[in-house]
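Read the structure below first, then the notes.
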Amino acid sequence: MIITHDIRLSRIIKGTWKNTIFVAVTCSMAYFFYWYFIQYHFEMPSIIPTILGTALAFFIGFNNNQSYDRWWEARKIWGALVNSSRTWARHILHFPTANARIKGQHLELLKEYAIKRHIAFLYALKEKLRGTDDSEYKKYLIQSDIDIIENESNKHNAILSLQTMELKTWRKEQLIDGFEFLELNREITRFCDEMGKAERIKNTVFPTSYNYYTKAFIWLFNIAFTLAVAPTVGWRAILFGTIIGYVFHTIHFIGQAILNPFEPIPTGIPLDQITRSIEINLLEMIHEEHIPDPVSPINDEYVM
Amino acid sequence: MIITHDIRLSRIIKGTWKNTIFVAVTCSMAYFFYWYFIQYHFEMPSIIPTILGTALAFFIGFNNNQSYDRWWEARKIWGALVNSSRTWARHILHFPTANARIKGQHLELLKEYAIKRHIAFLYALKEKLRGTDDSEYKKYLIQSDIDIIENESNKHNAILSLQTMELKTWRKEQLIDGFEFLELNREITRFCDEMGKAERIKNTVFPTSYNYYTKAFIWLFNIAFTLAVAPTVGWRAILFGTIIGYVFHTIHFIGQAILNPFEPIPTGIPLDQITRSIEINLLEMIHEEHIPDPVSPINDEYVM
Amino acid sequence: MIITHDIRLSRIIKGTWKNTIFVAVTCSMAYFFYWYFIQYHFEMPSIIPTILGTALAFFIGFNNNQSYDRWWEARKIWGALVNSSRTWARHILHFPTANARIKGQHLELLKEYAIKRHIAFLYALKEKLRGTDDSEYKKYLIQSDIDIIENESNKHNAILSLQTMELKTWRKEQLIDGFEFLELNREITRFCDEMGKAERIKNTVFPTSYNYYTKAFIWLFNIAFTLAVAPTVGWRAILFGTIIGYVFHTIHFIGQAILNPFEPIPTGIPLDQITRSIEINLLEMIHEEHIPDPVSPINDEYVM
Amino acid sequence: MIITHDIRLSRIIKGTWKNTIFVAVTCSMAYFFYWYFIQYHFEMPSIIPTILGTALAFFIGFNNNQSYDRWWEARKIWGALVNSSRTWARHILHFPTANARIKGQHLELLKEYAIKRHIAFLYALKEKLRGTDDSEYKKYLIQSDIDIIENESNKHNAILSLQTMELKTWRKEQLIDGFEFLELNREITRFCDEMGKAERIKNTVFPTSYNYYTKAFIWLFNIAFTLAVAPTVGWRAILFGTIIGYVFHTIHFIGQAILNPFEPIPTGIPLDQITRSIEINLLEMIHEEHIPDPVSPINDEYVM
Amino acid sequence: MIITHDIRLSRIIKGTWKNTIFVAVTCSMAYFFYWYFIQYHFEMPSIIPTILGTALAFFIGFNNNQSYDRWWEARKIWGALVNSSRTWARHILHFPTANARIKGQHLELLKEYAIKRHIAFLYALKEKLRGTDDSEYKKYLIQSDIDIIENESNKHNAILSLQTMELKTWRKEQLIDGFEFLELNREITRFCDEMGKAERIKNTVFPTSYNYYTKAFIWLFNIAFTLAVAPTVGWRAILFGTIIGYVFHTIHFIGQAILNPFEPIPTGIPLDQITRSIEINLLEMIHEEHIPDPVSPINDEYVM
């Protein structure tokens, strides 16, 4: 998530220089084509770039709207994970009632671990979505759980399975009653749902045609535009064509930059920051001593 | 689901050559009509293609938005089926408590089959949506269940009915308590809802008029455009008309390609891949030995 | 619901000939007004039809979007009724546990009738939405129920009340436990909600002004357009004006055709088909002998 | 809610004459300004009204979309109140089980009053939303309840509190069991939610700037338009400017007319009709003798 | 929330004078550039500002739609908090049943404090969202609770934890049964969800690029516009450019003003007013003597 209000020139140039050069070359070639083959034969009617501009406006607008919806849905999913994580911790802390067999320190340890295992779930999910392989999640698991999970292809799902098993044990041991079991189980179901929604966004390729044809039509539009203004402004058609092409490419590019919100890129959802922030919250709730620092922005420019 | 970033030229040509030829013929005929009947009599004012272009922009935009919504809703439905399937398996594995009559190996078999029968449900649903008739779902059913289902017109629904019956038996046998019964039953209800939503999308024809008139108006627009630019650019009007017509047809075509997301086409929802992926997940959870491979992309171009 | 891909010319002409004649007359009158009063005095600037076209594009687009939303919401409501009906039947079949007083054949009859009464509910709702009065729903009710309902103004609601009463009896008789009561009762509540949503769409007139002014502004636009192109194209202004007017009227007309989705019209939601399809499903589930045929399309063109 | 399909001329004139005169005066002044100060000096380029028209199209479109959303959300809220009211009555009628202390006539009276108190809730809510003070709701309350409510600032909320109290008493008296208590209580919670949503729409002023600047920009656009067409059409610029201005003002006005859907205006949600219709439904369900007539339309034109 | 219908000139000037001066300077510089470098060499084709205008229309429209959605979602969140707060108070007042140990005055005090602690939660949440540090929330907490919360970084979450703890105690003490526990606990979960949603909106920076490039493209558009009209209208190009630029900047500015709805600005959501209004409602419900006054508008212009 970008946090500065003014975008750095370096970022702009880094993100667009390839397209800009490509646009400039296209416009130059269109101009020389005009110079040698068209100028004494006919004039390009301006209705052509105008109509292509309309078609492009729809295409780019459509792309941007859908990109933003994916990005915002992704943000909502992790927002829901934040909320449910807090609710999970709150319930785990207060629902279980000590009984003759499980009480005092023993019960406290069970509760603490149910919360820590949830932090492990969040880290495992984050690593899957980001495609990294830090195995940071192991930090919060005991060895026997690590052994069980090791061979599973879907580690975050396996952790949820462990949580359900734990819950069932608590119920059998009378630590929680039926209503409390219902509430805690629903939270796990909700984690599973949000996890699946995040995976859906990550695994579903946005229909390729929209991106591909947008680029093709910008290219076509650029040529038509350059040819259409050349008779009036001469060689400056290259300059104006490049500016207009740059504007259209940039608008398209902004949308593309948020299309895959879970990628580890500056414009993505700050999963590191959100996960750490839940981690701190939950560790505070169990009065853990060593609490990690919040994630700090990179270059004062963005957080991951 | 198309997974390459650059669309193959062969696919483009395959998808659009008919329309392109149709457009080229239309433009040519419009030009000859212009040559013999119009050129010395009057000039087509460019306001006509401009205004028709606006009307088309709305029409095509509307079609694309609704197509994408259907496609994305279809994807969400199968996403929800993924999530609920995992929750179903998690609950089936951990909820039942052994009792004097049903325990050990016996209970394990009951649990395994409740999960396998769910895989059968997914295959039956997929086959119905895809309109294929592989009866792959039978692989996961015991003969007595196959006999019951055989004569039903709606096989996936019949499997859900079997699951409910099973659940009731478990409840009667005290394998699960009221709260667990509630949670498991809600999952079946959710399967039934998502199944119905998928059928709704499959069975509801998108209002035919939108597609029909879009084509008719592109045709009208193409003629008006060719006539309007002919006086300025001469025979090149055919070329420009074909390009512009191609652009409009292509934008329309992209939307049409995702309008029926459950069809077995490269641009549809990858039901094979999603079903297989749940299958693998669920079989892993019951430690099945022989686990099928994930579905691989066809031509490195798309997954079904 | 229209099921052919190509719309019949007869339907097009039937649906639009009045408007087309009206448009042609308007354009002719505008042309003669131009001929006698305008041509030697001033020229209509083309900015006027262009700007009016923009205003119209918004209006018609807005109408179409809202019409489609009403139509799709209506379809979703009946989709939800399909899903809940299956869930209702599944629960009715498997939830009740025989006891000393009610068992065997007696219990089967109770279950069958709870499902048949639900089919009666669907027919009663359909008849209300369609504004027909076939009383087909009576076929599935016993006489004592018919007597109770006869005097109610809202028959479908009265049937839901009977279902709730039945449920309470089952609960008192210990046929179902509290959790099962909860699930069955929630289904009735859901029927009531979907029923109310359908009535909301039927009873809420879409703000009249949008339709009225759209027509008025198309008329105004048509005149301005004809006057603006007349100096360039002469008497052909009538022809072009009629074509453009036809296009705008048609786009508007397509939206209007799906604005009231429960009307018994070819473009409406196929309530007959959906109701029959649930009926067949439910009768199959109780192994009824005489099962009606599915609704067949009319003229291979549409289903009601 | 307006129910005629053709809008009366009187209503149109009543709603727009002020704006029309204002537009005509603006255009006249612009024309005279053109005549004395501009005509021999320079020509207004038509790009200016064109670009302003685009800006306006967005603004007015945005206003209309948001207005319609508020209006439709308001309609949905009252639709949900209709559905929940029927469910409330259905549950109240069939859930309570007579016991030794409360039975027969006594129980019937309790049930009837729980339903009548709900009608009182609807009237109280309606009066608050409409800003009227008829205290019609008192008709359905017993004196002791009226005394309790009298001093509350939020009467509809106070009635819900009474209902909850009643429910708790029923539970304590064993008239209803835990599951029935849950269902009935959820209905009250739903009434509270829908009530709050209606208040949110009523109390939230739509951002003033949109309305204010729309008017300002229409005014600016009108002047630019008149100046731009004056050189071509002379004094007729006043006429054309007024027509175009009228069209834009009208589109804006239609949206404004449904922006505050709970106001007692013909274009608002027909709260009188909906409330009365629930009232009739509920009184029929308890076999009340004197049932009021449905609300009739005013002038055959609209219902309140 | 701005409550006047006419916006004060002072507010307009205050909000836009910087941009207006910046636009005027840009247009002047563009004009002088035209005068010295362009006028005898070539003419700027008007297609350039027209096409840039289209791109801008999309950009600004997109910004405004997303801003409004954030603003309206923020309003809905606090509307849901209002509804749930009333439901919380209603349940707290009527659910608990006195028993041998806890009854009469003692029980009343417990109930009152559970409601007051909820008011504290709302104040703590409001202060966090507004970024103020009045600690007004302490007014409604007893010292022992203040001590617990003092060291927590997330005070509103800590208060919810206290509420859950209280609830568990009530359950253990048999003041409430399982069903009542379920309902009350769900309200706390809902508070946690709405709180998290509000934090999500506050903490998520709207993608910076949209705002940044909108400004850049308005600047580019302004220059192109001035250059394009200069040949026709001479020095008046500065005037017209400034007006058009002002219009575009204003439309953009209106959207920006509601982008961060929880900021303590006149166009934000009136958190002070809503919180106070819930406070009054809840205090009335427990018959508190000293009830604070509603928040009054500032300058009759807006409420905070």
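In what follows, chains are A, B, ... by sequence order, proteins preceding strands, each numbered from 1.
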Between Glu199(A) and Arg86(B), is the closest basic N to carboxylate O distance under 4.0 Å? yes

Inspect the contact between Arg186(A) and Glu183(B) and indicate whether a charged nitrogen and a carboxylate oxygen are less than 4.0 angstrom apart. yes

Looking just at side-chain N and O atoms, do Arg75(B) and Thr204(A) make a donor-acceptor pair shorter than 3.5 Å? yes

Less than 3.5 Å apart, any donor N or O on the side chain of Glu43(A) or Thr232(B) sitting next to an acceptor on the other? no

Quick one: what part of [X] sits under 4.5 Å from any heavy atom of chain A, side chain, backbone, both or neither?
X         : answer
Phe253(B) : neither
Ile251(B) : both
Ile274(B) : neither
Leu182(B) : side chain
Val233(B) : both
Thr54(B)  : neither
Ile2(B)   : both

Please tell me if the side chains of [X] and [Y] come closer than 4.5 Å, counting only heavy atoms from C-beta onward.
X         : Y         : value
Leu93(B)  : Met165(A) : no
Met285(B) : Asn157(A) : yes
Val247(B) : Phe217(A) : yes
Thr50(A)  : Thr50(B)  : no
Asn83(B)  : Glu194(A) : no
Thr267(B) : Pro207(A) : no
Arg90(B)  : Thr189(A) : yes

side-chain contact (heavy atoms from CB on, under 4.5 Å) for Asn203(A) and Met1(B)? Distances and angles first, verdict last. CA-CA 10 Å; Asn203(A) 295 332; Met1(B) 188 178 63; over 6 Å; no

Does Arg200(A) make a cation-pi contact with Trp78(B), if we ask for NZ or CZ under 6.0 Å from the ring centre and within 45° of the axis? no

How many angstroms lie between SG in Cys192(A) and NE2 in His91(B), if you round to the nearest 0.5 Å? 8.5 Å

Calculate, to the nearest 0.5 Å, the distance between atoms CZ and CG belonging to Phe179(B) and Asp177(A) respectively. 7.0 Å

Pick one of side chain, backbone, both or neither for [X], based on which atoms fall under 4.5 Å of a heavy atom in chain B.
X         : answer
Lys215(A) : neither
Leu160(A) : both
Glu73(A)  : side chain
Asn211(A) : neither

Tell me whether the count of non-hydrogen atoms from other residues, nucleotides or ligands lying under 6.0 Å of OH in Tyr246(B) goes above 12. yes

Would a distance-only check, ignoring hydrogens and angles, find a side-chain to backbone donor-acceptor pair under 3.5 Å from His94(B) to Lys168(A)? no

Let's go through Arg236(B) and His41(A) carefully: what are the C-alpha distance in whole Å and the side-chain angles of both, what is the deciding distance for side-chain contact (heavy atoms from CB on, under 4.5 Å) to 0.1 Å, and is it a yes or a no? CA-CA 11 Å; Arg236(B) 295 165 199 90; His41(A) 301 86; 3.8 Å; yes

Heavy-atom pairs under 4.5 Å with chain B are the metric here; pick the option from Ser153(A), Gly178(A), Pro45(A) that has the most. Gly178(A)

Could you tell me which of Ser209(A), Ala224(A), Ala216(A) has the largest number of non-hydrogen atom pairs under 4.5 Å with chain B? Ser209(A)

Which one of Thr97(B), Ile280(B), Val82(B) has the most heavy-atom pairs closer than 4.5 Å to chain A? Thr97(B)

Specify which of Thr87(B), Ile254(B), Ile243(B) makes the most heavy-atom pairs with chain A at under 4.5 Å. Ile254(B)

If you apply the rule ring pair (Phe, Tyr, Trp, His ring centres under 6.0 Å), what do you find for Phe95(B) with Phe181(A), and how did you get there? CA-CA 11 Å; Phe95(B) 280 6; Phe181(A) 174 78; 5.4 Å; yes

Which residues from residues 55-71 of chain A are near chain B, with near meaning under 4.5 Å between non-hydrogen atoms? Ala55(A), Phe58(A), Phe59(A), Phe62(A), Gln66(A), Arg70(A)

